Amino acid sequence: MAQTTTITLTGAGGQIGYAALFRIAAGDMLGPDRLIALRLLEIPQGMRGAEGAAMELLDCAFPLLESVEISDDPNVAFDGANIALLIGSRPRTAGMERGDLLAANGAIFGPQGRAIGEHAADDVRVAVVGNPANTNALIAQQHAAGVPAERFSALTRLDHNRAVGLLAAEAGASVRAVDGITIWGNHSATQYPDLSHATIDGRPALETVDAAWARGPYIERVAKRGAEIIEVRGGSSVASAANAAIEHVRDWVLGTGDRRTSAAVVSRGEYGVPEGLISSFPVRSDGDGWRVVEGLGVDDFSRQRIDASVAELVAERDAVRELGLIP
Ligand SMILES: NC(=O)C1=CN([C@@H]2O[C@H](COP(=O)(O)OP(=O)(O)OC[C@H]3O[C@@H](n4cnc5c(N)ncnc54)[C@H](O)[C@@H]3O)[C@@H](O)[C@H]2O)C=CC1
Ligand SMILES: O=C([O-])CC(=O)C(=O)O
């Protein structure tokens with residue numbers, strides 16, 4: 001009998017939730033051998049959307065899907081969760097100051113973190129998608145008493161995938177040929193997509209593409225791709241974000257093999273990033289957890305870019321600390 005994995009997904013009535021749920025239930029995230037129990041968390045206004053998605057999931061008759069439960073209570077939704085995908089968050093609206101946004105999200109991710117600490121399974125792993133993802137993950141992690149910090153991560157896989165796709169397009173290469181890209185820092189416009197150690201078909205990427213492009217327009221394009229999509233589509237990235245969340249969890253649970261990817265994980269001081277911050281690093285997973293790839297050379301240019309994004313994370317952490325959202 002295959003084992004059942006309980007997956008709690010928040011924001012299930014929203015766009016990314018809708019794009020992710022059907023692929024998760026089809027086995028794209030955990031493979032063809034694991035049965036899935038879905039727990040959908042929404043706020044009261046989002047319940048109808050989540051109910052509709054649950055009805056359509058039933059209508060798909062996915063063989064791997066054991067059950068779907070919907071709740072607006074985090075204590076119920078995270079009960080027994082092995083994997084928690086925190087997608088629902090409070091988006092920034094017109095006239096909202098940064099402090100207002102952080103406070104509104106603190107009111108979501110604090111209680112959710114606490115509920116995870118109290119009710120989730122012993123092996124729970126948490127991936128935060130909702131923005132500002134790194135700091136929301138930090139808030140949740142700080143409230144999840146008893147859950148090891150390394151079980152929390154935030155998504156920079158969409159940035160990573162964007163960086164791979166845009167490099168491959170520039171080089172006229174297949175995305176399969178690209179390896180060794182790193183996204184450093186925050187999932188924001190300060191992030192640093194780093195090609196210093198990237199390869200295309202095993203050759204240094206910087207021998208194929210122009211170094212001035214790699215350290216100028218490319219960084220801007222990757223870091224501002226979310227805004228570019230909003231401008232062109234008239235709405236923020238949805239399918240690519242859902243895909244990235246699925247790939248992030250799949251690699252975390254099933255392992256990356258030798259390939260590297262990027263994820264925001266709790267720093268243990270690697271590459272000079274202050275301990276405890278949830279910052280994006282080059283990572284691999286052996287299936288048990290993310291491992292930061294250490295020992296990569298960091299030149300002056302990279303150092304400055306990493307430090308600038310990490311400084312933004314420090315400022316966000318200090319702001320939520322001042323608001324009393326974390327100790
Ligand atoms: N990290 C990343 O790479 C990316 C992150 N995002 C972020 O993902 C988040 C979701 O995006 P969309 O699905 O497009 O937004 P959406 O607005 O379509 O859906 C969000 C859903 O979350 C629900 N929600 C709000 N507060 C909640 C709570 N406390 N508990 C449970 N559910 C709650 C809302 O009712 C809504 O149904 C946003 O914060 C967005 O900025 C989007 C793209 C990429
Ligand atoms: O930019 C946004 O609003 C959504 C997002 O996080 C992204 O697309 O990377």
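Residue numbers start at 1 and run along the sequence shown. Everything numeric in this text was worked out from a predicted model, so none of it was measured. When a ligand or atom number is given, it counts from 1 through the structure's own listing order.
Where the criterion is an N or O separation shorter than 3.5 Å, residue side chain and backbone included, N131 meets it with respect to ligand 1. Looking at ligand 1, you won't find any N or O of A133 less than 3.5 Å from one of its N or O atoms. Inclusion of A241 in the set of residues having an N or O under 3.5 Å from an N or O of ligand 1 is not warranted.
Ligand-side atoms of ligand 1 in range of G88: 22 (O), 24 (N), 33 (C), range being under 4.0 angstrom from any heavy atom. Near Q112, meaning under 4.0 Å from any of its heavy atoms, are these atoms of ligand 1: 28 (C), 29 (N), 30 (N). Near L158, the atoms of ligand 1 lying under 4.0 angstrom from a non-hydrogen atom of the residue are 3 (O), 44 (C).
By the 4.0 Å heavy-atom criterion, H187 is counted among the residues contacting ligand 1. A heavy-atom separation below 4.0 Å is found between S237 and ligand 1.
Side-chain atoms of E56 and Y18 include a donor-acceptor pair closer than 3.5 Å. Side-chain contact of S196 with D194: a donor-acceptor pair under 3.5 Å is present, judged by distance alone. In this structure, a donor-acceptor pair under 3.5 Å is present between the side chains of Q191 and D159.
If you look at I16 next to ligand 1, the close heavy atoms, those under 4.0 Å, come from the backbone and the side chain alike. At a heavy-atom distance under 4.0 Å, no atom of R157 approaches ligand 1.
When hydrogens are left out, the protein atom nearest atom 19 (O) of ligand 1 is G14 CA, 3.2 Å; that is the closest non-hydrogen contact. The protein atom (non-hydrogen) at minimum distance from atom 31 (C) of ligand 1 is L41 O, 3.5 Å. Among all protein heavy atoms, the one lying closest to atom 35 (O) of ligand 1 is E42 OE1, 2.8 Å. Atom 10 (C) of ligand 1 has as its closest protein heavy atom I87 O, 3.4 Å. Of all protein heavy atoms, the one closest to atom 15 (O) of ligand 1 is Q15 N, 4.5 Å. Taking atom 1 (N) of ligand 1 as the reference point, the nearest protein heavy-atom neighbour is V129 O, 3.1 Å. Closest to atom 28 (C) of ligand 1 among all protein heavy atoms lies I43 CG2, 3.5 Å. The single protein non-hydrogen atom nearest to atom 29 (N) of ligand 1 is I108 CG2, 3.4 Å, given as residue, atom name and distance.
From H248, atom NE2 reaches atom CG of N243 across 13.0 Å, with rounding to the nearest 0.5 Å. With rounding to the nearest 0.5 angstrom, the OG atom of S67 is 11.0 Å from the CG atom of L57.
Side-chain contact between L325 and Q142: absent, with no pair of heavy atoms (C-beta onward) separated by less than 4.5 Å. L277 has its side chain out of reach of V266: every pair of non-hydrogen atoms, C-beta onward, lies at least 4.5 Å apart. For the pair L58/V68, no side-chain contact is recorded, criterion being any heavy-atom separation below 4.5 Å from C-beta on.
Below 30°, between 30° and 60°, or above 60°: for F281 and W184 the angle between ring planes is above 60°, a perpendicular geometry.
Between D300 and R303, no side-chain nitrogen of the basic residue sits less than 4.0 Å from a carboxylate oxygen of the acidic one, so the salt-bridge criterion is not met. Taking 4.0 Å as the cut-off between side-chain N and carboxylate O, E228 and R221 count as a salt-bridged pair. Residues D299 and R215 are paired through a salt bridge, judged by an N-O separation under 4.0 Å between the basic side chain and the carboxylate. Here R291 pairs with D286 in a salt bridge; the nearest charged N to carboxylate O distance falls below 4.0 Å. Contact check on E220 versus K224 returns a salt bridge, with a Lys/Arg side-chain nitrogen under 4.0 Å from an Asp/Glu carboxylate oxygen.
In this structure, atom 17 (O) of ligand 1 has its sub-4.0 angstrom surroundings free of protein heavy atoms.
Considering each of G11, S89, A19, the one bringing a non-hydrogen atom nearest atom 25 (C) of ligand 1 is S89.
In this structure, the side chain to side chain contact (heavy atoms under 4.5 Å, CB included) partners of D251, at least two apart in sequence or on a different chain, are R157, T256, T261, W290.
Of all heavy-atom pairs spanning R90 and N105, the tightest one is N-OD1, 3.0 Å.
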Return a table of N or O atom pairs, ligand 2 on one side and protein on the other, at distances under 3.5 Å, rounded to 0.1 Å.
{"from": "ligand 2", "atom 1": "6 (O)", "to": "N131", "atom 2": "ND2", "distance (Å)": "2.8"}
{"from": "ligand 2", "atom 1": "6 (O)", "to": "H187", "atom 2": "NE2", "distance (Å)": "2.6"}
{"from": "ligand 2", "atom 1": "8 (O)", "to": "R162", "atom 2": "NH2", "distance (Å)": "2.7"}
{"from": "ligand 2", "atom 1": "9 (O)", "to": "R162", "atom 2": "NH1", "distance (Å)": "2.9"}
{"from": "ligand 2", "atom 1": "9 (O)", "to": "R162", "atom 2": "NH2", "distance (Å)": "3.4"}
{"from": "ligand 2", "atom 1": "9 (O)", "to": "H187", "atom 2": "NE2", "distance (Å)": "3.2"}

